[in-house]
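What follows is a single structure, written as structure tokens, with notes after it.
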Amino acid sequence: MNNQIAWFVLFVICAAVCTYIFFRTVPEPADVLYVNGRIYTMDANMSVADAMATRGGRIVAVGSKDDLQKKVRAKQIVDLGSKAVFPGFIDAHGHLMSLGVSKITVDLVGAPSEAAIAVLVEQRVKKTEAGLWVRGRGWDQNLWQSKRFPSHEVLDRISPNNPVYLVRIDGHAAWVNKKALEIAGITRETADTSGGKIVRDAAGNPTGVFVDNAMDLVSRFLPPPTVKESEEAITLAVEECLQFGIVCVDDMGVDSKEIEVYKGLIDKNEFPFRVYAAIGGLGETWDHYTKKSPEGPAKGPLMGYGDNRLWVRAIKLYVDGALGSRGAALLEPYSDDPGNRGLTVTDERSLKQAVDEALNSGFQVCTHAIGDRGNNIILNVYESALKQHPAGDYRLRVEHAQVVALNDIPRFKQLGVIPSMQPTHCTSDMYWAEARLGPSRVLGAYAWRSFLNTGVIIPGGSDFPIENPNPILGIYAAITRQDIHGRPRNAEDIKAYFQLSQSGLRDSAAFENGWYASQKMTREEALRAYTNWAAFAAFQETMLGSLEKGKLADFVVLSKDIMKIEASEIPGTNVERTYLGGKMVYSRSQE
Ligand SMILES: [Zn+2]
């Protein structure tokens, strides 16, 4: 009897060993084996691999070429030509629809002549279905030789079938074509409106230019964007993101119409992108997802709709305004505007209520807070909400966390709150930020190092279209705290180019190679900001943000190795190819 058991145990052990050996030696099937790259996996150890295999949109192996050639049987081998490869970038704070609308609005700023404008508008007309409006903005006849207002004929030639509506640079005049005049029913009989003027030729015929209040005569016929136009706007925004290597955006403030546009494109398989959407505040869309309806219980968050293309699992709230317009709420008055402490846009009770609702219904909260008072308010709100919702993985976020009182910075770590920051805001605002804040408060502005020292992560974003979406510019800003001209290099630059507050107290060492240079991120940190830290901030760390076995095969191939080149070369680095779920969704060479 004992003998039988012994034989059985031996048999089981042999079977297990044989199975193990069999599966170790039988190569794993893969769609593609990528070789000869410098693959920055962004895993916990910052491992660099030279090969990676993908199957069915996911990574099945990462490691050395020799090893993977033995372990993997791939249908196709792609040589990466020694190029640097990174996980697909994530923009933790952007506005996809706004970027798209800016894309379908023709940018006429700086156009040197009517003819130049006609060329720009014509390109747009060619891409627009007959009958739909074409919009533009930014023309300025003072830049033209004639210096005179233009007329509709120039536009009629390039757009006989699409109404065209072009706003002047200052927003105080519109230039339209004949089709638009027809739609608006404008004839020589149409009277001027009060506070407005219809520009006319010698014979009294409208020339197509409308000044001030007269603009309404045409603009009231501009329809809200159709589903088709919205789809086009989103498609153009996505194209631009992919070109910059962005594979996922945390879309900060969407409504149900935008969500339907995303779903529509996903259902048609025309959405090679990922969006982690935050609902834009309380209201209809929020109620739709969080409130019970006669048909049944609340829907709750939307998770990974369409093969991990769309999440709706956050709400965007606002505490205050922005620093540039002195709307950011400060604890003490603005240094350059005594008596003004900025403004709060949502009262504390409503914020608390919204945070409670979100935590009760499984939604993350992302709150815009720019000034030190704004940040203090939302930290207090989060703190009291967390006391009532103990034990949970909430990852409450503060969007921008731009100016934070030094003693509030450690509270982020203590409360588990994530500061979601935009490095290029720093390098755009640095010229005047100190004038607004003064030499002491500025030490808590864009204070990445102070935050990182407390042990938090900083997801990186651009806040496009306010800033350029290009994450490479964000990475450059994060590691240099200089503009693309390399300024400031030193304290002399600060005197020459930067607006400062009156009181002294500045340490010139603070500006050696960068504005408050001690707050820089390292290259590794900057890359994490746009990869796995951003993934974590959107609960996506098990599928995005690093190139590891089992994760989605989202990655970018760069023209230069941004971990190695001089910082000054980083802004000129291009994305050569972008892959999403193992498929190439952008290639620079095919442009
Ligand atoms: Zn924003």
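Ligands are counted one by one from 1 in listed order, and the atoms in each one are counted from 1 as well. Quick note: numbers below take in every heavy atom, side chains included, and nothing from hydrogens, waters or symmetry partners.
Checking E399 against the Zn ion (ligand 1), every N/O/S atom stays at or beyond the 2.8 Å cut-off. Put simply, H93 gets within reach of the Zn ion (ligand 1), with an N, O or S atom under 2.8 Å from it. Among the backbone and side-chain atoms of H95, an N, O or S atom lies under 2.8 Å from the Zn ion (ligand 1).
The name of the N, O or S atom in D463 nearest to the Zn ion (ligand 1) is OD1.
Looking at K520 and E525, no side-chain N of the basic residue comes within less than 4.0 Å of a carboxylate O on the acidic one, giving no salt bridge.
Residue pairs meeting the salt bridge (Lys or Arg N to Asp or Glu O under 4.0 Å) criterion with at least one partner in residues 357-386, sequence neighbours excluded, are K291-E357, E383-R411.
The side-chain tip of R487 does not point at the ring of W515 from less than 6.0 angstrom away and within 45° of straight on.
Shown here is Q388, whose CD atom has more than 12 heavy atoms of other residues, nucleotides or ligands within 6.0 Å.
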